[in-house]
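Take a look at the structure below.
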Amino acid sequence: MNRILSLFSLLFSLSLTAAEPPRPNILFLAIDDLRPELGCYGDTVVKSPHLDQLAQEGILFERAYCQVAVCGASRASMMTGILPTATRYVDYLTTIDADTPGAITLAQHFQDHGYTTLANGKILHTASDASQRSWSRPVQYPKISHQTHLDPASINSGDQKGKKRFFESPEVEDTAYTDGLTAENTIADLRRLKKEGGPFFLGCGFIRPHLPFYAPKKHWDLYDEKTLPLAPNRYRPKDYPSELNSSREFKTYDLAGFDPSSEAFHRKMRHGYFASTSYVDTLVGKVLAELKDLGLDQNTIVVVWGDHGWHLGEHTFWGKHNTLHNATRVPLIVRVPGKPTGLRTQALVQSVDLFPTLCALAGLDTPPSVQGQSFAKLLENPAASHHTAVYNRFKKADALITNRYSYSRFESGAEMLFDLREDPQENSNLASDEKLHPTLLTLRQQLDASIEKAESATW
């Protein structure tokens, strides 16, 4: 009788297990320096058909923001769900191991719950950072650098120690550059994971459209440089504080004789950025096509995330490294099998929200160290409320973004206040406008509370 009961108990247990839906896979696509300059975000110039299609199959976040407008710090914050401070997650050399040693990472948490966790390309800035506890194998990087040049004009540019020309467009295959190889490696991983079975968290990190703008010629040929629209506000904001600056990274490359203030330079930079964006869009399409061909798309959550924004000549800035909207607003697209498609949301979300959201979608508890807030409810109801304000910072400036305003306060006490409804390009600093003094007081208090929350992090 005991044997019969034991057998019945075992069969009942197995039937329950079989009835449980399989845990969802995660395909996490991180794209460096990509701002929301895509067709799905309303842009009429950039050719991004694959990302546009993904947006139609999931939800697009109109107002997603990074925590720090520089890659290393932004990625560390996102991967731990921990907010930055003046001494934590500061610059591109940031590592989790140095700033928050022992903090549970997103990949680590999934691995601890039975997932195979793999990464190709740039997920964190440093491949070895938190690697042993995060990934089932070491992060796979192609052996060629993102600065590897193939055009003789680039090879002969610069000096022996300096960086080469900032753009090139040789007639080569997509796999001639590092991002193409990262896509191929990701596709190979998908095939292995399909055979192995079991849930996976697969990270795929593309470098482009990060400088230098090296992409195969066919992607450059999508655009007519002579007719590309330029930024309409090629001047600094009115009443801007002297502390406001932007990235000078572009100046470390050979500018090929261009005057950075010239229209020709603006056109070449925008052409290079758009071509690099289209190159990455094509690679995203290849990875997603393989996911579908393998039948894995039916149980795989796909996330496309940009680590920060990028100025494209606005205010005569090129790059990130400040708290203006163009540097902090990021593209974010999420596709979840079984959820409504073709959605868009104006809800304020931030990068640290990704950790708890993916946990919620996978049925995992969120570690107590995570300071983000799950936006899973938005996948069903994009009109639902989320944050009333999101927090970010860069170096000596802390910033807050609400539905209407963008507010920054520098260590010196200088302030910036922009009305995003009336002035979406942030051309006029209203911090000294007496009519907005009550608004300014409220934003100061909200910012202080955000800083206090960031500083309260434990891990």
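Keep in mind that what you see is a predicted model, and the values were worked out from it rather than measured.
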Handout entry: Sidechain N-carboxylate O distance under 4.0 Å for Arg335, Glu57
Key = yes

Exercise for the section: Quick one: sort the Phe28 and Trp305 rings into parallel, tilted or perpendicular, breaks at 30° and 60°. Expected result: tilted

Completion exercise
Residues passing the side chain to side chain contact (heavy atoms under 4.5 Å, CB included) test with Lys251, sequence neighbours excluded, are none

Problem - Side-chain touch Asp174/Thr282, heavy atoms, less than 4.5 angstrom - result: yes

Handout entry: Lys/Arg N to Asp/Glu carboxylate O, Arg75 vs Asp307, below 4.0 Å
Key = yes

Practice task
Could you tell me whether Asp99 and Arg88 have a side-chain N and a carboxylate O separated by less than 4.0 Å?
Solution key: no

Problem - Salt bridge Lys163-Asp254, side-chain N to carboxylate O under 4.0 Å - result: no

Exercise for the section: Give a yes or no on whether a salt bridge exists between Arg270 and Glu225, defined as a side-chain N under 4.0 angstrom from a carboxylate O. Expected result: no

Problem - side chain to side chain donor-acceptor pair (under 3.5 Å) assessment of Arg393 paired with Thr323 - result: CA-CA 6 Å; Arg393 71 178 326 278; Thr323 55; over 6 Å; no

Practice task
Kindly indicate whether the side chain of Phe167, heavy atoms from C-beta on, has any atom under 4.5 Å from the side chain of Leu255.
Solution key: no

Practice task
Could you give me the CA-CA distance, side-chain angles and deciding distance for Ile401 and Arg63, then say whether side chain to side chain contact (heavy atoms under 4.5 Å, CB included) is met?
Solution key: CA-CA 10 Å; Ile401 298 166; Arg63 302 200 63 190; 3.5 Å; yes

Fill in the blank from the handout: Rounded to the nearest 0.5 Å, the CD1 atom of Ile333 sits from the CG atom of Leu343 at a distance of 12.5 Å

Handout entry: Distance flag, aromatic centroids of Phe250 and Phe213, threshold under 6.0 Å
Key = no

Practice task
Could you check if a side-chain atom of Glu37 sits within less than 4.5 angstrom of a side-chain atom of Phe274, using non-hydrogen atoms only?
Solution key: yes

Handout entry: Within 6.0 angstrom of Arg248 CZ, more than 12 heavy atoms from elsewhere
Key = no

Handout entry: Carboxylate-amine/guanidinium contact Asp281 Lys47, below 4.0 Å
Key = no

Practice task
Begin with the C-alpha distance, continue with both residues' side-chain angles, and end with the deciding distance and a verdict on salt bridge (Lys or Arg N to Asp or Glu O under 4.0 Å) for Lys339 and Glu380.
Solution key: CA-CA 7 Å; Lys339 296 294 185 182; Glu380 299 279 359; 2.8 Å; yes

Problem - Results of salt bridge (charged side-chain N to carboxylate O under 4.0 Å, His left out) for Glu411 - residues two or more places apart only - result: none

Practice task
Could you verify whether a donor N or O on one side chain and an acceptor N or O on the other, from Thr100 and Tyr89, lie under 3.5 Å apart?
Solution key: yes

Practice task
Name the orientation class of the two ring planes belonging to Tyr65 and His325 (parallel below 30°, tilted from 30 to 60°, perpendicular beyond 60°).
Solution key: tilted

Exercise for the section: Decide yes or no for Ser369 and Thr458: does some side-chain heavy atom of the first lie under 4.5 Å from some side-chain heavy atom of the second? Expected result: no

Exercise for the section: Describe, in one word, how the ring planes of Tyr223 and His271 are oriented to each other, choosing from parallel (under 30°), tilted (30 to 60°) and perpendicular (over 60°). Expected result: perpendicular

Problem - Donor-acceptor side-chain pairing of Glu415 and Tyr407 below 3.5 angstrom - result: yes

Handout entry: Any donor-acceptor N/O pair, Ser157 side chain to Ser154 backbone, under 3.5 Å
Key = yes

Completion exercise
Which of Arg208, His146, Glu168 passes side-chain hydrogen bond (donor to acceptor under 3.5 Å, both in side chains) with Tyr177? It is Glu168

Practice task
Indicate yes or no: does Asp224 engage Lys226 in a salt bridge with an N to O separation below 4.0 Å.
Solution key: no

Problem - Sidechain N-carboxylate O distance under 4.0 Å for Glu62, Arg344 - result: yes

Completion exercise
In short, salt bridge (charged side-chain N to carboxylate O under 4.0 Å, His left out) pairs touching residues 311-327 with sequence neighbours left out are Asp33-Lys320, Arg35-Glu314, Glu249-Lys320

Exercise for the section: Can you sort out the partners of Phe258 under ring pair (Phe, Tyr, Trp, His ring centres under 6.0 Å), two or more places apart, ordered by chain and number? Expected result: none

Completion exercise
Taken to the nearest 0.5 Å, the spacing of Leu379 CG from Thr357 OG1 works out to 7.5 Å

Completion exercise
Separation between CG (Leu332) and OG (Ser351), nearest 0.5 Å, reads 7.5 Å

Handout entry: Donor + acceptor pair across side chains of Ser261, Asp259 (<3.5 Å)
Key = yes

Exercise for the section: Tell me, with the steps shown, if Asp32 and Cys71 meet side chain to side chain contact (heavy atoms under 4.5 Å, CB included). Expected result: CA-CA 7 Å; Asp32 207 345; Cys71 60; 4.0 Å; yes

Handout entry: Heavy-atom side-chain contact between Leu34 and Val280 under 4.5 Å
Key = no

Exercise for the section: Check whether any side-chain heavy atom of Asn427 lies under 4.5 Å from a side-chain heavy atom of Pro237, and answer yes or no. Expected result: no

Problem - Heavy-atom pair with the smallest gap, counting every atom of Ser169 and Lys217 - result: O-CB, 3.3 Å

Practice task
Check whether the side chains of Thr341 and Gln56 place a donor and an acceptor atom closer than 3.5 Å, and report yes or no.
Solution key: no

Practice task
Decide if the gap between the ring center of Phe206 and the ring center of Tyr279 is smaller than 6.0 angstrom.
Solution key: no

Practice task
May I ask you to decide if Gly39's main-chain N or O and Ser48's side chain share a donor-acceptor pair within less than 3.5 Å?
Solution key: yes

Fill in the blank from the handout: Rounded to the nearest 0.5 angstrom, the CZ-CG distance for Arg444 and Leu417 is 9.5 Å

Problem - Criterion side chain to side chain contact (heavy atoms under 4.5 Å, CB included) on Gln446 and Thr402, from CA distance to verdict - result: CA-CA 10 Å; Gln446 287 181 291; Thr402 70; 4.2 Å; yes

Exercise for the section: For the pair Phe201 and Trp135, name the ring-plane relationship: parallel under 30°, tilted 30 to 60°, perpendicular over 60°. Expected result: tilted

Handout entry: Residue list, salt bridge (charged side-chain N to carboxylate O under 4.0 Å, His left out) with Asp448, at least two apart or on another chain
Key = Arg409

Problem - Distance (rounded to the nearest 0.5 Å) between Ile144 CD1 and His149 NE2 - result: 11.5 Å

Practice task
Tell me yes or no: between the side chains of His315 and Asn326, is some donor less than 3.5 Å from an acceptor?
Solution key: no

Handout entry: Contact check, side chains of Lys164 and Tyr214, non-hydrogen atoms, under 4.5 Å
Key = yes

Exercise for the section: Give the intermediate values and the outcome of side chain to side chain contact (heavy atoms under 4.5 Å, CB included) for residues Leu124 and Met79. Expected result: CA-CA 8 Å; Leu124 290 170; Met79 280 291 282; 3.7 Å; yes

What donor-acceptor contacts under 3.5 angstrom involve side-chain atoms of residues 106-113, with partners at least two apart or in another chain?
from, atom 1, to, atom 2, distance (Å)
Gln108, OE1, Thr105, N, 3.2
Gln108, OE1, Arg133, NE, 3.2
His109, NE2, Asp365, O, 2.6
Gln111, OE1, Ser136, N, 3.4
Gln111, OE1, Ser136, OG, 3.1
Gln111, NE2, Arg133, O, 3.3
His113, ND1, His109, O, 2.8

Exercise for the section: Would you please indicate yes or no on a ring centroid separation below 6.0 angstrom for Trp318 and His266? Expected result: yes

Exercise for the section: Would you give the length of the straight line joining atom CZ of Phe394 to atom OG of Ser74, rounded to the nearest 0.5 angstrom? Expected result: 11.5 Å

Problem - Side-chain heavy atoms of Ile26 within contact of Leu358, under 4.5 Å - result: yes

